[in-house]
Chemist: 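Can you read through this structure? Questions will come right after.
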2 protein chains.
Amino acid sequence: MSALTNAIDILRCFSTTRPDLSFADVQVLTGKPKSSTSRLLRSLRDCGLLEQDPHSRRYRPGLLTFELGRLHRAHDDLLAIAERELRDVCARTGHTGYIAVLDGYQQVVLRIVPGSNPLRVVNPPGQRTPAIVTSNGRAMLARLSDQDIRARVPLDYPKVPANSPQNFNELMARLNEIRRTGISDAADEAIEGVGSQGFALASGESGELIGIAVSYSVQATTEIERANVRRELNAMAAKLRRMTGDPLGQTIEQLAGLAS
Amino acid sequence: MSALTNAIDILRCFSTTRPDLSFADVQVLTGKPKSSTSRLLRSLRDCGLLEQDPHSRRYRPGLLTFELGRLHRAHDDLLAIAERELRDVCARTGHTGYIAVLDGYQQVVLRIVPGSNPLRVVNPPGQRTPAIVTSNGRAMLARLSDQDIRARVPLDYPKVPANSPQNFNELMARLNEIRRTGISDAADEAIEGVGSQGFALASGESGELIGIAVSYSVQATTEIERANVRRELNAMAAKLRRMTGDPLGQTIEQLAGLAS
DNA sequence: GCACTAGGTTCCGCAAAATGGAACAGACGG
DNA sequence: CCGTCTGTTCCATTTTGCGGAACCTAGTGC
């Protein structure tokens with residue numbers, strides 16, 4: 001274990017639910033001896049990755065992380081193009097749009113497009129969620145090889161909401177369904193009463209993968225409205241796949257060509 | 001030099017003007033041997049602080065920095081309170097608002113409130129600028145002890161625009177003026193044709209220091225309008241200093257009490 | 001086909017830094 | 001005044017990181 005690894009382990013303790021931590025919190029979360037914790041926290045503070053509140057003495061991510069985070073234009077073209085299209089769809093439908101990426105078996109929200117409907121934004125950018133309980137998370141997983149999926153999902157399958165796939169076989173069944181239809185959906189999973197539909201978009205040249213979803217209240221939408229969302233997403237997916245050279249888009253167009 | 005220091009040195013090579021770097025760029029900027037550069041870049045990539053574009057092989061800040069950056073001062077009340085007040089002022093005046101913090105002798109933009117006037121935002125969040133050439137940068141410096149200021153400004157005084165203080169004595173003269181009036185201004189310094197006025201706000205309990213400024217086109221504003229901005233800022237400063245327990249606010253109120 | 005170069009990785013002996021148990025220190029609470 | 005809770009400093013031991021040199025791989029010129 002390198003010094004850097006230990007430092008990163010501390011940084012990874014911070015999250016939206018735990019935006020600041022005390023010395024003791026860090027010690028418990030990392031399981032390191034007091035002396036090591038003390039030394040590492042001081043190093044991280046001195047170099048700007050952490051700040052320490054002078055009053056409460058609690059630690060939080062520092063100025064350097066803010067600066068670097070602003071520079072993270074990861075997947076810039078892909079992300080920018082997708083975001084523009086998503087804005088259009090959200091403006092038309094009034095629902096809230098999400099763009100996320102996969103990290104291990106979790107997804108991380110990168111962008112949000114607030115809708116005009118009064119469903120408050122529940123997942124701010126930076127939020128981590130197991131990919132298996134969201135529509136675009138599953139859409140991204142569906143684009144990976146079965147072997148890769150198996151490697152990402154923890155061996156003891158996590159406890160998930162009732163409507164989510166309860167075990168690896170159920171998960172694979174839903175992923176295969178997504179592979180067939182190209183669109184993924186979810187309802188009453190990560191958040192009660194919230195549904196979403198999404199798809200995954202890959203860049204043809206870089207192979208980057210992002211998930212795009214539209215989210216709405218299950219109660220406040222009709223089946224007709226949800227079908228409309230599905231149409232919008234299919235249109236957006238087709239357009240984006242053409243624009244970005246997504247190999248899946250080419251496959252779909254070939255199939256369409258054969259059928260006609 | 002610890003391993004962490006070397007890693008941070010690499011991270012600090014990235015900036016708004018250099019959002020991504022090649023292996024060779026990093027090697028030149030850090031001056032480290034190839035082997036060390038190679039090892040460090042791999043470590044940083046593996047732990048998520050950097051990403052590598054699979055096509056161009058260039059490096060850029062990674063997902064982890066994005067996540068941590070979102071958490072930076074997520075909870076900070078000083079910043080949140082100041083931002084809300086600044087929004088009001090910007091809505092009334094139409095100008096663009098900035099909130100920044102001091103880091104050494106540079107300031108880093110934390111928040112921007114775009115105005116309705118068509119002056120494009122020139123300093124995105126994360127932007128670094130020498131504090132001595134901006135209104136709120138100088139306002140923050142003015143709140144420090146002379147000794148602290150001297151320690152922060154480089155020994156060989158940097159080359160600055162014509163309207164900025166040209167040497168340490170001129171700088172101290174302007175800082176003393178700010179200490180007297182409570183408001184700082186700048187015109188045609190960091191950016192040609194752009195002026196700004198600002199002040200510094202300290203939290204009474206934590207001692208944190210932020211700079212708040214309103215920026216406008218020098219050509220497109222009249223002296224009357226700029227006097228109006230000054231009034232708005234003075235009102236905002238007084239209100240915020242009361243709300244946050246800024247010790248300077250108490251001093252000013254004491255003086256006012258003595259005078260009456 | 002061959003030499004040359006740019007860009008990057010791997011190897012390895014040595015020096016330097018991280019590690020963590022234990023002793024120490026400050027702040028509260030009774 | 002003593003215990004406790006929190007965090008820091010010390011120091012012998014171990015592990016890492018370090019960087020020069022060798023090596024590897026593509027591309028380029030001829």
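These numbers come from a predicted model, not from an experiment. Reminder, nothing fancy here: chain letters follow the sequence lines and each chain counts from 1.
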Chemist: Rounding to an integer number of Å, can you tell me how far A:Q27 CD sits from C:dT19 P?
Modeler: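 Spelled out: CD on A:Q27 to P on C:dT19 is 14 Å.
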Chemist: What I want to find out is whether B:R241 reaches B:D246 closely enough, with some N-O distance under 4.0 Å, to be called a salt bridge.
Modeler: yes
Chemist: Assign A:R57 to base, sugar-phosphate, or nothing according to its heavy-atom contacts below 4.0 angstrom with the strands shown.
Modeler: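 Sugar-phosphate: the residue A:R57, judged by heavy atoms under 4.0 Å, touches backbone atoms but no base.
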Chemist: Can you tell me how far apart CG (B:D103) and CZ (B:R128) are? Round to the nearest 0.5 Å.
Modeler: 4.5 Å
Chemist: Taking OP1 and OP2 of D:dG17, is either one under 4.0 Å from a side-chain nitrogen or oxygen of A:S2?
Modeler: yes
Chemist: Between D:dG19, C:dG21, D:dT8, which nucleotide has the shortest distance from any of its atoms to the side chain of A:K34?
Modeler: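 Nearest listed nucleotide: D:dT8.
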Chemist: The side chain of B:P33 is closest to which nucleotide in this list: D:dT9, D:dG19, C:dT9?
Modeler: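 Ranking D:dT9, D:dG19, C:dT9 by closest atom to the B:P33 side chain puts D:dG19 first.
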Chemist: If you measure from CZ on A:F14 to CG on B:L64, what distance do you get to the nearest 0.5 Å?
Modeler: 11.5 Å
Chemist: Expressed in angstrom and rounded to an integer, what is the separation of B:L21 atom CG from C:dG7 atom P?
Modeler: 15 Å
Chemist: Measure from CD1 on B:I10 to C1' on D:dC18 and round the result to the nearest Å.
Modeler: 13 Å
Chemist: Does B:S38 place a side-chain N or O at less than 4.0 Å from the phosphate oxygens OP1/OP2 of C:dT9?
Modeler: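 True: B:S38 side-chain N/O within range (under 4.0 Å) of C:dT9 OP1/OP2.
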Chemist: Side-chain N or O of A:R39 less than 4.0 angstrom from OP1 or OP2 on D:dT8?
Modeler: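 Checking A:R39 against D:dT8: no side-chain N or O falls below 4.0 Å of OP1 or OP2.
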Chemist: In whole angstrom, give the distance that lies between atom CD of B:Q52 and atom P of C:dG7.
Modeler: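 Those two atoms, CD and P, are 15 Å apart.
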Chemist: Check the phosphate of C:dG20 against A:S36, side-chain N and O only, distance under 4.0 Å to OP1 or OP2. Yes or no?
Modeler: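 Yes, within the criterion.
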Chemist: Could you tell me the separation between the CG atom of B:D25 and the P atom of C:dG7, rounded to a whole number of Å?
Modeler: 10 Å
Chemist: Write down the distance between CG (B:D53) and P (C:dG7), rounded to a whole number of angstrom.
Modeler: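 It is 17 Å, rounded to the nearest whole Å.
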Chemist: Using atom CZ of B:F23 as one end and atom P of C:dG8 as the other, report the distance to the nearest whole Å.
Modeler: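 Interatomic distance, CZ of B:F23 to P of C:dG8: 6 Å.
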Chemist: Nearest-Å distance, CD1 (B:I8) to C1' (D:dG17)?
Modeler: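 Going from B:I8 (CD1) to D:dG17 (C1'), I get 16 Å.
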Chemist: For a quick check of understanding: with a heavy-atom distance under 4.0 Å over all strands, which category does A:R42 fall into, base, sugar-phosphate or nothing?
Modeler: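 It contacts sugar-phosphate atoms only.
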Chemist: Should B:I132 and B:P158 count as side-chain neighbours, where that means a heavy-atom distance under 4.5 Å?
Modeler: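 Yes, their side chains come closer than 4.5 Å.
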Chemist: Please state whether the phosphate of C:dT19, meaning OP1 or OP2, lies under 4.0 angstrom from any side-chain nitrogen or oxygen of A:N6.
Modeler: yes
Chemist: Please determine whether a side-chain nitrogen of the Lys or Arg among B:D148 and B:R152 lies less than 4.0 Å from a carboxylate oxygen of the Asp or Glu.
Modeler: yes
